[in-house]
Amino acid sequence: MAPTILIAGATGNTGRSVVETLPKLLKGTDLSSHRIIALTRSANSAAAKALAELPGVEIVEQNWVEIDEKWLREHEVERIFIASHNLPNAFAEEGQFLVNALRAGVKYLVRISTTAANVRPDISVYYPRTHWAIEQMLSQPEFKNMHWSSLQPNGFAPMFLTPAAEFIKEYKKTGKQGSVSMIIDESTPTALIDSHDVGVVAAHLLAAEQTAPHNQKRYVLNGPVDVTGKEIIKLVEQYIGEPVKDVRYKDLSFIDGMAKNSSESKNVMLSIKGAAVTSWEGKAKAETTSKEILELYAPKRTVSEVLKELVEA
Ligand SMILES: NC(=O)c1ccc[n+]([C@@H]2O[C@H](COP(=O)([O-])OP(=O)(O)OC[C@H]3O[C@@H](n4cnc5c(N)ncnc54)[C@H](OP(=O)(O)O)[C@@H]3O)[C@@H](O)[C@H]2O)c1
């Protein structure tokens with residue numbers, strides 16, 4: 001067996017492009033003979049099958065939350081990427097995984113955190129506090145033998161633009177306008193990022209021959225340009241050729257449904273409504289992107305390109 005780079009969350013928003021990008025970046029480096037293992041809970045899913053087609057990647061059907069120290073040692077895991085789920089037990093599950101990684105001698109970890117302005121101990125929303133707590137845990141001296149970098153991305157453009165893309169598709173089918181729901185504010189600029197770009201940044205870090213320069217770093221990631229809700233509606237109007245009649249900015253009403261259908265505490269689930277406040281306050285603009293990220297791999301894809309891809313999908 002060869003040393004392994006393990007991708008947990010490989011089939012998801014960010015993990016897919018980590019898996020697509022990493023084999024090319026490893027060529028000709030000290031890590032060129034490392035195995036790349038992409039994890040999934042279901043090798044039969046369309047996303048897992050697509051990854052299985054990639055050269056130099058092994059798909060392993062294994063839920064990362066159940067991986068222990070022995071598994072990591074047996075697979076000679078040296079580096080890890082993880083895009084953890086956002087559920088209320090994420091600290092317990094990601095924390096367990098990371099302690100197992102430390103104990104198994106893993107040398108470098110790249111993880112997905114959340115929007116930088118939200119990663120604070122006093123944020124009203126539960127899941128950015130989880131990311132804060134994981135970063136605090138990793139910062140303790142006990143973790144000094146495992147290098148880590150935590151990526152703090154702005155909202156993922158594909159998710160934020162899906163309602164606009166669905167509105168356009170529906171209009172093209174029926175000639176009738178529904179309403180467009182938008183999480184972002186009408187006039188405050190924010191630099192939504194394509195989750196694909198986030199994965200490409202992560203792959204560049206995982207392929208770094210020297211991890212010390214990136215150790216204990218929290219990197220801020222935004223898309224290349226700021227956009228307002230009004231500007232997105234202008235893009236939508238270019239597709240449909242007429243003014244949009246019903247727009248709901250700062251619309252987080254879908255979280256009511258999530259909370260209602262969840263078995264978790266309503267109080268905890270409804271706290272998600274606060275996640276967009278910092279972007280409404282102008283704290284998630286392109287200018288906040290870390291300079292190290294601009295040097296390593298500057299995120300490229302604009303909101304307009306992502307919307308086009310969603311509409312054509
Ligand atoms: N969405 C946003 O706008 C946004 C913005 C900034 C940061 N983030 C952060 O991004 C992180 C998530 O990254 P992502 O969007 O790339 O991941 P993702 O797409 O939500 O999930 C990645 C993969 O993890 C597996 N998975 C999902 N739920 C799981 C569970 N409960 N237990 C075990 N495996 C599970 C699934 O793969 P299989 O089904 O193949 O196993 C999934 O494809 C979160 O921590 C979030 O805070 C999100």
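Just so you know, ligand 1 is whichever comes first in the structure, and atom 1 is the first atom listed for that ligand. Residues: numbered from 1 along the sequence shown.
- Of all non-hydrogen atoms in Ala286 and Pro224, the two that sit nearest each other are CB-O, 4.0 Å.
- When hydrogens are left out, the protein atom nearest atom 6 (C) of ligand 1 is Pro153 O, 3.4 Å; that is the closest non-hydrogen contact.
- No side-chain N or O of Gln216 forms a donor-acceptor pair with one of His147 less than 3.5 Å apart.
- Summarising the contacts of atom 12 (C) of ligand 1 with Gly12, Ser84, Ser45, the nearest heavy atom is found in Ser84.
- A donor and an acceptor atom, one from each side chain of His214 and Tyr108, are nowhere located under 3.5 Å apart.
- When Gly15, Ala83, Ala38 are ranked by how near their heavy atoms come to atom 13 (O) of ligand 1, first place goes to Ala83.
- Among protein heavy atoms, the minimum distance from atom 27 (C) of ligand 1 is reached at Arg41 NH2, 3.4 Å.
- For a threshold of 3.5 Å applied to N or O pairs, the pair formed by Asn86 and ligand 1 contains at least one separation below that value.
- A donor atom on one side chain and an acceptor atom on the other are found under 3.5 Å apart for Ser150 and Arg111.
- Considering only non-hydrogen protein atoms, atom 24 (O) of ligand 1 sits nearest to Gly9 CA, 3.7 Å.
- For ligand 1, the polar-atom distance check finds an N/O of Asn13 within less than 3.5 Å of one of the ligand's N/O atoms.
- Side chains of Thr4 and Glu76: a donor-acceptor N/O pair is absent below 3.5 angstrom, by distance only.
- An N or O contact shorter than 3.5 Å links Phe156 to ligand 1 by distance.
- Polar contact with ligand 1: absent for Ser42 (N/O pair, distance under 3.5 Å).
- No side-chain N or O of Asn100 forms a donor-acceptor pair with one of Asp68 less than 3.5 Å apart.
- The ligand atoms of ligand 1 that sit less than 4.0 angstrom from a heavy atom of Leu87 are 31 (N).
- An N or O contact shorter than 3.5 Å is missing between Tyr127 and ligand 1 by distance.
- Atoms of ligand 1 found under 4.0 Å from any heavy atom of Ile112, numbered from 1 in the order shown, are 9 (C), 10 (O), 11 (C).
- For Lys70 and Glu74, the salt-bridge test passes: some basic side-chain N is under 4.0 Å from an acidic carboxylate O.
- Remark: the Arg301 side chain and the Ser195 side chain contain no N/O donor-acceptor pair separated by less than 3.5 Å.
- At a 3.5 angstrom cut-off on N or O pairs, Glu93 does not count as close to ligand 1.
- Given atom 38 (P) of ligand 1, the protein heavy atom at minimum distance is Thr11 OG1, 3.4 Å.
- A donor-acceptor contact under 3.5 angstrom links the side chains of Ser253 and Asp251, judged on distance only.
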